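Read the structure below first, then the notes.
Below, chain A is the first sequence line, B the second, and so on; all start at residue 1. Quick caveat: nothing in here was measured; it's all calculated off a predicted structure. These numbers come from the heavy atoms of this one structure, side chains and all, not from hydrogens, waters or symmetry mates.
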Amino acid sequence: MNFWLMKSEPDTFSIDDLKRKKREAWDGVRNYQARNFMRDGMRVGDGVFFYHSNCAEPGIAGLAEVASDAYPDPSQFDPKSKYFDPGSSRDNPRWMLVDVKFTRKLKRTITLDELKNHAKLAEMALLRKGNRLSVMPVDAKDWKYILELE
DNA sequence: GCCAACGTTGGC
DNA sequence: GCCAACGTTGGC
């Protein structure tokens, strides 16, 4: 079992939205590295930190679970979607996604600011300077450590 | 709204 | 293959 962190802007799709919908196709990822993590790294049942980005209180807001294998992101084929990619084709899709299933909200959001204050987490991909990936792996030891902060 | 960091694009 | 220009991310 592996662990991941997935960013979402709460104004667009928050942990409460996932709670209400129970399950969601994680569409719109248009970064090759993030795609590769979903396509090659994720397995059903893997743990996911649901991270709120670009908002008043950035941080880990809840837990989710990988709920499907990777499959082509339908939005890349839809000319009306803002995620439409004219360079992709159904025969050779460029972008993949997984479904994500709600597990639970954290009792409180563990903020980015708080995470930065823990020296043991300094090597986390999330905290490395300039990191903008929206999907990234989390070490098992960091997963455990962060949950103990809750 | 600003801007640093980074990815992508496209001319050469 | 280089690299300038441009677009996006996301914290602040």
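- The two residues A/Leu97 and A/Pro74 come nearest to each other via the heavy atoms CD2-CD, 3.9 Å.
- With sequence neighbours excluded, the residues forming a salt bridge (charged side-chain N to carboxylate O under 4.0 Å, His left out) with A/Glu114 are A/Arg108, listed by chain and number.
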Pairs under 3.5 angstrom only: tabulate donor-acceptor contacts from the side chains of residues 120-133 of chain A to other protein residues two or more places apart or in another chain.
unit_1: A/Arg128; atom_1: NH1; unit_2: A/Glu123; atom_2: O; d: 2.8
unit_1: A/Asn131; atom_1: OD1; unit_2: A/Leu133; atom_2: N; d: 3.1
unit_1: A/Asn131; atom_1: ND2; unit_2: A/Ala125; atom_2: O; d: 3.2

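- By the side-chain hydrogen bond (donor to acceptor under 3.5 Å, both in side chains) test, A/Asp27 is found to be paired with no residue, residues two or more places apart in sequence or in another chain being considered.
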Counting only pairs under 3.5 Å, give me each side-chain donor-acceptor contact of residues 58-71 of chain A, with atom names and distances, residues two or more places apart or in other chains.
unit_1: A/Ser68; atom_1: OG; unit_2: A/Asp99; atom_2: N; d: 2.8
unit_1: A/Tyr71; atom_1: OH; unit_2: A/Asp99; atom_2: OD1; d: 2.5

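- Within residues 4-15 of chain A, no residue places a heavy atom under 4.0 Å from DNA chain B.
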Throw together a table of side-chain donor-acceptor distances under 3.5 angstrom for residues 11-21 of chain A, partners on residues two or more places apart or in other chains.
unit_1: A/Ser14; atom_1: OG; unit_2: A/Asp16; atom_2: N; d: 3.2
unit_1: A/Ser14; atom_1: OG; unit_2: A/Asp17; atom_2: N; d: 3.2
unit_1: A/Ser14; atom_1: OG; unit_2: A/Asp17; atom_2: OD2; d: 3.3
unit_1: A/Asp16; atom_1: OD1; unit_2: A/Lys105; atom_2: NZ; d: 2.9
unit_1: A/Asp17; atom_1: OD1; unit_2: A/Arg20; atom_2: NH2; d: 2.7
unit_1: A/Asp17; atom_1: OD2; unit_2: A/Ser14; atom_2: N; d: 2.8
unit_1: A/Lys21; atom_1: NZ; unit_2: A/Glu24; atom_2: OE1; d: 2.8

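- Counting only residues at least two apart or on different chains, the ring-ring contact (aromatic ring centres under 6.0 Å, His included) pairs with a member in residues 121-150 of chain A are A/Phe3-A/Trp143, A/Phe49-A/Trp143, A/His118-A/Tyr145.
- Each salt bridge (charged side-chain N to carboxylate O under 4.0 Å, His left out) pair with one or both residues in residues 81-92 of chain A, not counting sequence neighbours, appears once here: A/Asp85-A/Arg94.
- Of the possible polar contacts, one joining the A/Glu150 side chain to the A/Lys107 backbone as a donor-acceptor pair under 3.5 Å is found.
- Hydrophobic side-chain contacts under 4.5 Å tie A/Tyr32 into a cluster, directly or through other members, with A/Trp95.
- Listed by residue number, the members of residues 46-54 of chain A with any heavy atom below 4.0 angstrom from DNA chain C are A/Tyr51, A/Ser53, A/Asn54.
- Taking CD of A/Gln33 as the reference point, atom OG of A/Ser134 lies at 10.0 Å (rounded to 0.5 Å).
- For the atom pair OH of A/Tyr83 and OG of A/Ser88, the computed distance is 15.5 Å after rounding to the nearest 0.5 Å.
- Contacts of residues 108-120 of chain A with DNA chain C (heavy atom under 4.0 Å): A/Leu112, A/Lys116.
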Could you list all N or O pairs between the protein and nucleotides 5-9 of chain B that sit under 3.5 Å apart?
unit_1: B/dA5; atom_1: OP1; unit_2: A/Lys129; atom_2: NZ; d: 3.1
unit_1: B/dA5; atom_1: N1; unit_2: A/Arg132; atom_2: NH1; d: 3.4
unit_1: B/dA5; atom_1: N3; unit_2: A/Arg132; atom_2: NH1; d: 2.9
unit_1: B/dC6; atom_1: OP1; unit_2: A/Lys129; atom_2: O; d: 3.1
unit_1: B/dC6; atom_1: O2; unit_2: A/Arg132; atom_2: NH1; d: 2.7
unit_1: B/dC6; atom_1: O2; unit_2: A/Arg132; atom_2: NH2; d: 3.0

